[in-house]
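To start, the structure itself, in structure tokens.
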Amino acid sequence: MSEPNRRAALLAVVLTGQAMASMDTSIAAVAAPAIRADLAGPPALTQLVLAAYTLSFAVLVVTGARLGARHGYGRVFLVGLAGFTAASLACGLAPGPYALVLARIAQGAAGALMVPQVLSLIQSRLTGAARARALGAYAMVLALGVAAGQVAGGLLVTLDLAGLTWRTAFLVNVPVGLVLLPVGRRVLGGGAPAGRERERLDLAGVALLSAAMLALVLPLVLGRDLAWPLGWRVAPAAAGAAGLALFLRYEGRLARRGGAPLLDVTVLARPGVPTGLLAACVVMGCYAGFLFTLTLRLQDGLGFSALAAGLAFLPYAVGFALCGLVVPRLPVRLRDALPLAGPPVLAAVVAATALLWSHRWPALPGGALLLVGGAAHAASFSPLVTRLAATVPAASAAALSALVSTGTLLASVLGVAGLGGLHLSLPLAVAPAATVLVLLAGAGAAAASRRASPPAGSPPGIPPGGRSSVPRPPGRPGRSSRAVRPGR
């Protein structure tokens with residue numbers, strides 16, 4: 001296989017795997033009423049089916065990223081893909097509600113192994129323009145997976161192929177996984193970097209992070225639907241946030257002692273990275289909240305079916321895709337300015353949509369608004385991810401991948417819980433107004449990230465002033481050009 005074909009095949013495999021994992025939450029959400037009717041489980045079955053996947057993924061995704069750096073990104077991706085395929089089969093064949101919940105836990109754990117390797121493989125295997133295009137496609141799949149899953153889930157449940165109703169929403173992953181696995185074995189070969197397999201896994205870090213993520217995400221995912229008292233939701237979430245802060249301190253201390261931390265927290269010390277991650281997470285959180293609230297309004301308020309509500313979002317996906325294809329071809333200066341302009345435009349779309357949904361959602365104006373919103377989302381998110389990836393050396397790709405995966409997941413959960421809660425409990429205008437304010441704050445974070453980031457085209461480790469942030473080796477004065485090497 002020629003090198004260009006190998007790169008294309010690699011990208012197809014990893015992005016399809018990412019799409020499967022991204023779509024599975026919303027596919028299950030659309031299929032949930034049919035699952036509840038068929039399996040006749042407890043009242044909380046719907047919430048458990050959705051939460052089992054999200055929780056296991058959230059708890060294990062950083063560990064999955066570390067295992068990829070330790071044992072090889074391609075190897076761990078394939079293990080995760082095989083597990084995800086098998087777990088999807090188990091979901092589709094589940095004889096009862098508890099078997100389905102257990103299969104969903106396994107599916108989320110397998111996704112946590114697979115997903116962090118995608119960005120790491122793009123960073124480590126591709127360079128130059130090919131990497132920029134791949135990062136744009138990665139951002140597109142990451143952002144649009146939820147909306148695409150909503151459409152696909154509604155279509156599969158509505159078609160009721162072979163009388164399987166909701167089961168096809170999970171079984172569809174099986175043939176895709178079986179095709180990807182042999183191709184992946186050919187194009188993703190390669191073990192871990194020398195010496196990495198001998199590093200001890202930071203088990204204390206795994207335990208601390210897992211407990212913190214579970215405490216943070218569990219009340220956000222289950223609390224509202226199960227009508228937990230406010231204290232039961234706030235106290236564990238606050239403890240989880242404190243646990244995350246403690247985890248970061250512990251990891252930094254371990255690194256300073258010369259250990260092998262679960263997460264390379266030095267990535268967060270790079271100029272522009274913390275504010276850039278914050279901006280990307282703000283956009284993803286607002287998108288998830290907007291998707292949730294508009295879907296509720298279309299279905300509960302205007303009587304749309306699940307499939308019709310999903311199809312209403314197609315213009316958003318088209319706008320995102322078109323903008324995502326154009327962005328990598330723009331001049332660097334213009335591309336770097338897009339994350340500043342995108343959030344205000346998306347905020348205007350959210351505000352206009354709130355005015356429109358008080359009527360019968362006319363298809364043409366609504367579709368035009370969502371088309372612009374999708375383009376603004378792509379302009380806000382894709383260039384940010386590309387710039388962050390360019391700022392971080394390839395050796396830190398796993399840490400950046402873990403931060404992007406975890407951050408966008410937490411932002412989406414917070415967006416649905418926070419903005420969705422406002423939509424359900426307060427007047428209709430409150431949630432859109434809050435979304436607008438948060439998006440404008442995200443534009444400010446993007447501006448701060450741009451000011452702090454290295455100049456376009458600089459090697460990783462070059463700050464805005466132009467001097468290397470990588471220490472010069474002792475005894476070699478005047479040879480900084482050799483001391484700083486891209487990707488080292």
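Bear in mind the structure is a predicted one, so any value in this text is a computation, not a measurement.
- Proximity of Asp202 to Arg66: side-chain heavy atoms (C-beta onward) are nowhere separated by under 4.5 Å.
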### Task
May I have the step-by-step check of side-chain contact (heavy atoms from CB on, under 4.5 Å) for Arg125 and Leu11, ending in yes or no?
CA-CA 10 Å; Arg125 303 287 181 90; Leu11 195 59; over 6 Å; no

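- Remark: the backbone N or O of Ile122 is not paired with any side-chain donor or acceptor of Tyr73 at under 3.5 angstrom.
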### Task
Go through the steps to decide whether Leu254 and Leu262 satisfy the test side-chain contact (heavy atoms from CB on, under 4.5 Å), and finish with yes or no.
CA-CA 9 Å; Leu254 181 62; Leu262 183 67; over 6 Å; no

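- Taking both residues in full, the closest heavy atoms of Leu126 and Ala134 are given as CD1-CB, 3.5 Å, listed atom of the first, atom of the second, then distance.
- Residues Gly80 and Leu113 approach most closely at CA-CB, 3.9 Å, considering heavy atoms.
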### Query
Are Leu384 and Val283 close enough, and set up right, to give a side-chain contact (heavy atoms from CB on, under 4.5 Å), and what steps lead you there?
CA-CA 11 Å; Leu384 265 176; Val283 172; 5.5 Å; no

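- The closest donor-acceptor contact from the side chain of Ser26 to the backbone of Met23 lies under 3.5 Å.
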### Query
Can you check side-chain contact (heavy atoms from CB on, under 4.5 Å) on Leu67 and Leu201, steps first, answer last?
CA-CA 8 Å; Leu67 290 174; Leu201 185 63; 4.3 Å; yes

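- Each of Leu60, Thr63, Val62, Val59 was compared with Val206 under the side-chain contact (heavy atoms from CB on, under 4.5 Å) criterion, and only Thr63 meets it.
- Atom CG of Leu403 sits about 10.0 Å away from atom CG of Leu388, to the nearest 0.5 Å.
- Asn5 contributes atom CG, which lies 12.5 Å from atom CG of Leu10 (distance to the nearest 0.5 angstrom).
- Counting heavy atoms from C-beta outward, Thr406 and Met213 have side chains that approach closer than 4.5 Å.
- Listed here is the closest heavy atom pair of Val392 and Gln123: O-NE2, 3.5 Å.
- Note that CG of Leu135 is 6.5 Å distant from CG of Leu119, once rounded to the nearest 0.5 Å.
- Atom-to-atom distance recorded for Phe290:CZ and Phe313:CZ is 5.5 Å, nearest 0.5 angstrom.
- Under the ring-ring contact (aromatic ring centres under 6.0 Å, His included) criterion, Phe84 pairs with no residue at all, not counting sequence neighbours.
- A donor-acceptor contact closer than 3.5 angstrom links the side chains of Ser88 and Gln107.
- Contact annotation: the side chain of Thr391 never approaches that of Leu400 to less than 4.5 Å [non-hydrogen atoms, C-beta and beyond].
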Please list, one pair per line, the donor and acceptor atoms closer than 3.5 Å that link side chains of residues 367-380 to other protein atoms, with sequence neighbours excluded.
from, atom 1, to, atom 2, distance (Å)
His377, ND1, Tyr316, OH, 3.0
Ser380, OG, Ala376, O, 2.7

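- Between Pro261 and Tyr250 there is no side-chain heavy-atom pair separated by less than 4.5 Å.
- Remark: the Ser396 side chain and the Arg270 side chain contain no N/O donor-acceptor pair separated by less than 3.5 Å.
- Between Phe170 and Trp166, the two ring planes are perpendicular [angle over 60°; tilted spans 30° to 60°].
- Between Leu220 atom CG and Thr54 atom OG1 the span is 11.0 Å, to the nearest 0.5 Å.
- In this structure, Gln117 contributes its side chain and Ser401 its backbone to no donor-acceptor pair below 3.5 Å.
- When all heavy atoms of Tyr138 and Leu15 are compared, the pair lying nearest together is CA-CD2, 3.7 Å.
- For the pair Arg104 and Val49, the tightest heavy-atom approach, listed with the atom from each and the gap, is NE-O, 2.9 Å.
- Residues Leu330 and Leu338 meet the side-chain proximity criterion, which asks for heavy atoms closer than 4.5 Å.
- Here CG of Leu248 is found 8.5 Å from CG of Leu209. Values are rounded to the nearest 0.5 Å.
- Minimum heavy-atom separation, Arg387 to Ser449: NH2-OG, 3.0 Å.
- A donor-acceptor distance shorter than 3.5 angstrom exists from the side chain of Ser56 to the backbone of Ala52, with no hydrogens or angles considered.
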